[in-house]
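Here is the structure we will look at, set down as structure tokens.
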Amino acid sequence: MLQVYLPIAEISVNLLVILMLGGAVGFLSGMFGVGGGFLLTPFLMFLGIPPAIAVATGANQIVASSVSGALVQWRRGNVDTTMGGVLIVGGLFGSIIGVLLVNLLKSYGQADLTIALGYVTFLGTIGTLMLAESVRALRRERAGKPVKGRRPGEHSWVHGLPFKMRFHRSKLYISAIPVLMIGAVVGILVSVLGVGGGFLMVPAMIYILRMPTSVVIGTSLFQIIFITAAVTMLHAVFNQTIDILLAFLLIIGGVLGGQYGARAGQNLRGEQLRALLAIMVLAVAIRLLLGLVITPSDLYTIAPVETPRW
Amino acid sequence: MHHTRRVAFGIALGVSAAMAATAAPAQTPQGPDEIPTERVHSDISTREIAIKSNFTGIEIVIFGAVDYAPPDPKAPPYDVIMVIRGPTQDVVARRKERFAGIWLNGSSKVFHDIPGFYAVLSSRPLRAIAPEETLNELKVGFTALDLGPDDHSSVSDDLFRQAVIRNKEERLLFQYLDNAVSFIGRSLFRGTVDMPVNVPIGVYTAEVLLFQDGKLLSKDESTLNVQKVGFERGVYILAFRHPVIYGLLAVAIALLMGLGAWALFRRD
């Protein structure tokens, strides 16, 4: 019942399942302030959406969620547009590299493997870090010690690099090189994995660029709009892997879920939930890893012949 | 005016008569004195399959009748084989190999012009209807599919070939349906086949072969068009023929929806 045919993915899916998936991921991201793309894309693959389409359509969905988020931050004056602009320049380079890489890997039949391996690596790392962090915080809480904030900024290797620029909003005078590099790495992640890359961008801004925490979220969301929009365009042109109907349904679910998630997040205690999210992230990583190491029931697969576009 | 039209009509008649003469199967010579032999006619329950948002696959019925069937009660029964072929595509088969504990795609083989859909329906098991050579000659059955040069020297080639068939069968894109054709009386018959949700779009042919005593008596062919329609067709055409517009549209929709969500739920 309520089956809907996806015109590009060319499969029939249950409308409610897709709406609920978008809603659940939106709920989690509203609650934790994370993008949720790193959960959405693997779940789309579990539902049988071809990985390349799941990745590209995931990026398309993030355009919508990051616009809403960035507007809220913009109104509060928490966006450093200069920093965002430089990140976008780096990010565009990264996205082009990533999309061409996906196109090349697809023609060699290695795209699915690369996407899965990328997810296992990133979800495994993030999940472990998050779990360790929340276990530590929970222990500290139990021992009655206050939860420690981040250390004050100190000079690092970043400050010795040339091409210095002034970033007023962030009160920084640093080289553009690390900013461009961070932008490029996130651009590759967005185009290959279909994630927003906030989980990498935010720590990089805090620990490498030493940006004030107040502008980190807003600036990250601001640049993500442009990068995911560019990745959507590039995937549409090079790989034809954007399913507009799937994206539409995911956005609707995500918007509604996000509202409830944000409200729920205000009334709930963080650390236990953070540990729960970490366990979920690890579970998805393990599920993907098992798919790679368990001997498949059929060693042979077939696919239409694809030639690289470049 | 009248005159010219009649001439044109006459020419048209002549042309179609000539075409009919050349198109007439060789095995049914119809001299004035000869008793006409059996001829099969067939059609499909639908000429167009429209893939819309509610498409979850479809069952099609191919039906037909035998003309000029002699009223001989002792004559052996008729047999019918139906072959439905979808548009062809190039397919690559890949073999997974273990590397550092991970299964990844290793060696591969490309097969050209593989039908995207291929179903063989018959009134009895194929081997009971006609000898294998006849079936191969008529390109009936998976073994008769042109899956590249048949060098039996290479075992791996054969494994790839089997893999293509196995994978297609699992996705219901290749189907063998013994006893799927049933006769209603002596000369009327029908066969049904389920087309799955993932059927490729394009023009399909349904060939109907009439056998008796292991010999082909007559054949007929009809076509079927599988097309995406309406919204699905628009999306598909835009995505593949105008990808830049499609990409801009995808981005614009997401931007507007994000903006709408913000405007709808803002709390400041």
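What you are looking at is a predicted structure, and each value in this text was computed from that prediction instead of being measured. Protein chains get the first letters and strands the later ones, always in sequence-line order, with residue 1 at the start of each.
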Checklist entry - With only heavy atoms counted, which part of V110(B) is less than 4.5 Å from chain A, the side chain, the backbone, both or neither? => result side chain

Checklist entry - What part of K52(B) is in contact with chain A, defined as an atom under 4.5 angstrom from a non-hydrogen atom: side chain, backbone, both or neither? => result backbone

Item to check | Contacting region of L289(A) [heavy-atom separation from chain B under 4.5 Å] | outcome: neither

Checklist outcome for this item: Cut-off 4.5 Å, heavy atoms of chain A, and the answer for L238(B) is neither

Checklist entry - Please walk me through it: do N54(B) and Q3(A) pass side-chain contact (heavy atoms from CB on, under 4.5 Å)? => result CA-CA 6 Å; N54(B) 58 359; Q3(A) 293 285 312; over 6 Å; no

Checklist entry - Does any heavy atom of chain A fall under 4.5 Å from the side chain of R166(B), the backbone, both, or neither of them? => result side chain

Checklist entry - Considering residues at least two apart in sequence or located in another chain, which fulfil the ring pair (Phe, Tyr, Trp, His ring centres under 6.0 Å) criterion with F226(A)? => result F222(A)

Item to check | When L234(A), V67(A), I62(A) are compared by non-hydrogen pairs under 4.5 Å with chain B, the top option | outcome: V67(A)

Checklist entry - Contact part of I253(B) toward chain A, heavy-atom cut-off under 4.5 Å: side chain, backbone, both or neither? => result side chain

Next on the checklist: For a side-chain contact (heavy atoms from CB on, under 4.5 Å) check, start with the C-alpha distance between N198(B) and I11(A), then their side-chain angles and the critical distance, and finish with the verdict.
Outcome noted: CA-CA 6 Å; N198(B) 51 345; I11(A) 63 165; 5.9 Å; no

Checklist entry - When you look at Y300(A) and N105(B), which way does the side-chain contact (heavy atoms from CB on, under 4.5 Å) test go after all the steps? => result CA-CA 9 Å; Y300(A) 292 84; N105(B) 286 329; over 6 Å; no

Checklist entry - Side chains of L259(B) and L71(A): closer than 4.5 Å at any heavy-atom pair? => result yes

Next on the checklist: Any non-hydrogen side-chain atom of Y5(A) less than 4.5 Å from a side-chain atom of T56(B)?
Outcome noted: no

Next on the checklist: Counting heavy-atom pairs closer than 4.5 Å to chain B, which one of L113(A), V4(A), N60(A), V255(A) comes out on top?
Outcome noted: N60(A)

Item to check | Criterion side-chain contact (heavy atoms from CB on, under 4.5 Å) on Y246(B) and T232(A), from CA distance to verdict | outcome: CA-CA 10 Å; Y246(B) 182 83; T232(A) 303; over 6 Å; no

Item to check | A247(A), part contacting chain B, at a heavy-atom distance under 4.5 Å | outcome: neither

Checklist entry - Looking at T295(A), T301(A), D298(A), which hits side chain to side chain contact (heavy atoms under 4.5 Å, CB included) with K96(B)? => result T301(A)

Checklist entry - Non-hydrogen atoms of chain B under 4.5 Å away: do they reach the side chain of I294(A), the backbone, both or neither? => result backbone

Checklist entry - Which pair of heavy atoms, one from M257(B) and one from I251(A), lies closest together, and at what distance? => result CE-CG2, 3.5 Å

